[in-house]
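Remember, predicted model here, so these are calculated numbers, not experimental data. Chain A is the first sequence line, chain B the second, and so forth, proteins listed ahead of strands; every chain is numbered from 1.
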2 protein chains.
Amino acid sequence: MGLTKTHMFTDKQNELAKIAKVLAHPARVAILEYISRQDACICTDLVDIIGLSQPTISQHLNEIKKIGLLKGNYEGKNLCYCINQERWEELQQTFHLFFSNINRNCC
Amino acid sequence: MGLTKTHMFTDKQNELAKIAKVLAHPARVAILEYISRQDACICTDLVDIIGLSQPTISQHLNEIKKIGLLKGNYEGKNLCYCINQERWEELQQTFHLFFSNINRNCC
DNA sequence: ACATATCATCGTAATATTGCAATATTAAAA
DNA sequence: TTTTAATATTGCAATATTACGATGATATGT
C-alpha cells in the first residue's frame, strides 16, 4: 500500500491536502517566509540562508513551484524568484475557509 | 537519509510544518471537515463515511489528536470525538499569521 | 459468563519523502 | 573559447507514510 486513495475524496479536500503537504516541511516554510519578506526578487543563494545542500534546496523550491506559489525566471546567470501574490492570496483564502467552518461542539 | 533536519529551523517553522503535515492527507481533511461541521460529538463510525478501513481511520484520528485538535473520550462503548475549539482557533491564527506576512514583490 | 460491537495496536507490504554526492546544464565573464 | 558560477537532474540510501488484515482490549447486552 502506501498509496493515498485520492479518488475517495473531493477535489477540494485533495487540493487542500496537496497545498498542506508543501507546507509540511520546515525548510519549505523557511524558504517561503524568507522570500515573502523580501522587498524584491531574490537572486541569491538560499543555500547559505537555509543551510541545506544545493540539490536539496533546489528540490524544495521545485515542490513550492508545483503549487504555483513561485513566480520567476532566469535573470542572467542567477535565478530570480518571488512569491506569486495572486496564488498566495488564493491559498490564504483556502485555509481561511477551511478553518472558518466550525460549529459549536460539546464535550 | 529521509530524516528532516528539524534542528536547523525555528520552533515556529517546525510547528507550522507539523500542523501542515496533519492536513496533508485528504482523509484527515475529510475527517476534520466532517467532525467540525457536526452539531455534537460524533459517536459514529467515520469508517462508513470516509470509506477507509477501521485501523486506517484510527491511525488518522491519532495523527489529528497528536496536534491537539481533537477532544473526547469514551462514552460507554463508543468514542465521542469533537473538535478542540481553542486549539482550532490557535491553528487558524497560526496559518493566518503565516499568510499575512508578505511584501509587494517584483517580477 | 458469553457473545457482540467498537476502537486500538501490531505486523507487514507498498510507496513516498528527505537529503546529498556526483554530474549535467546554463549563461555570464575572462 | 575556456573558465567560472549558479542551478537542475540523477541515483541512491535512510527513513517516513499509508493502508489493511489479524489480533487485542473494553464495555454493553443477553
Whole angstrom value for the distance that separates P of dT18(C) from CG of Leu52(A): 11 Å
Sequence neighbours excluded, which residues qualify as salt bridge (charged side-chain N to carboxylate O under 4.0 Å, His left out) partners of Lys65(B)? none
Testing Glu89(A), Glu90(A), Lys71(A) one by one against Asn84(A) for a side-chain contact (heavy atoms from CB on, under 4.5 Å), which residue passes? Lys71(A)
Check for a donor-acceptor pair, side chain of Ser36(B) on one end and backbone N or O of Leu32(B) on the other, with a separation under 3.5 Å. yes
Measure the acute angle between the ring planes of His60(A) and His25(A), then classify it against the limits of 30° and 60° as parallel, tilted or perpendicular. tilted
Given that His60(B) and Pro55(B) both sit by DNA chain D, which one's nearest nucleotide is further toward the 5' end? His60(B)
Quick check on dC7(C): is either OP1 or OP2 less than 4.0 Å from any side-chain nitrogen or oxygen of Ser58(B)? no
Please identify each residue that fulfils salt bridge (charged side-chain N to carboxylate O under 4.0 Å, His left out) with Lys12(A), with sequence neighbours left out. none
Closest of dC20(C), dA8(D), dA19(D) to the Gln54(A) side chain is dA8(D)
Has the side chain of Thr56(A) got a donor or acceptor atom that lies under 3.5 Å from a matching backbone atom of Leu52(A)? no
By nearest heavy atom, map Arg28(A) and Leu61(B) onto DNA chain C; which one lands nearer the 5' end? Leu61(B)
Expressed in angstrom and rounded to an integer, what is the separation of Leu23(B) atom CG from dT17(D) atom C1'? 16 Å
Between Ile50(A) (CD1) and dC20(C) (P), how many Å, whole number? 13 Å
I need the NE2-C1' distance between His25(A) and dT18(C), as an integer number of Å. 6 Å
Distance check: side-chain N/O of Thr56(B) vs OP1/OP2 of dC20(D), anything under 4.0 Å? yes
Send over the distance from Leu46(B) CG to dC7(C) C1', rounded to a whole Å. 12 Å
Can you tell me how far C1' of dA8(D) sits from CD1 of Ile57(A), to the nearest Å? 14 Å
Is any side-chain nitrogen or oxygen of Lys21(A) closer than 4.0 Å to OP1 or OP2 of dT17(C)? yes
How far does CD1 of Ile35(B) sit from CD1 of Ile64(B), to the nearest 0.5 angstrom? 6.0 Å
Can you check the Lys18(A) NZ to dT17(C) P distance for me, whole Å? 12 Å
Please tell me which of the listed nucleotides, dC20(C), dC20(D), dT7(D), lies nearest to the side chain of Ser53(B)? dC20(D)
Within residues 7-14 of chain B: residues closer than 4.0 Å to DNA chain C (heavy atoms): none
Just the rounded figure in Å: distance from P of dT18(D) to CD1 of Ile64(B). 11 Å
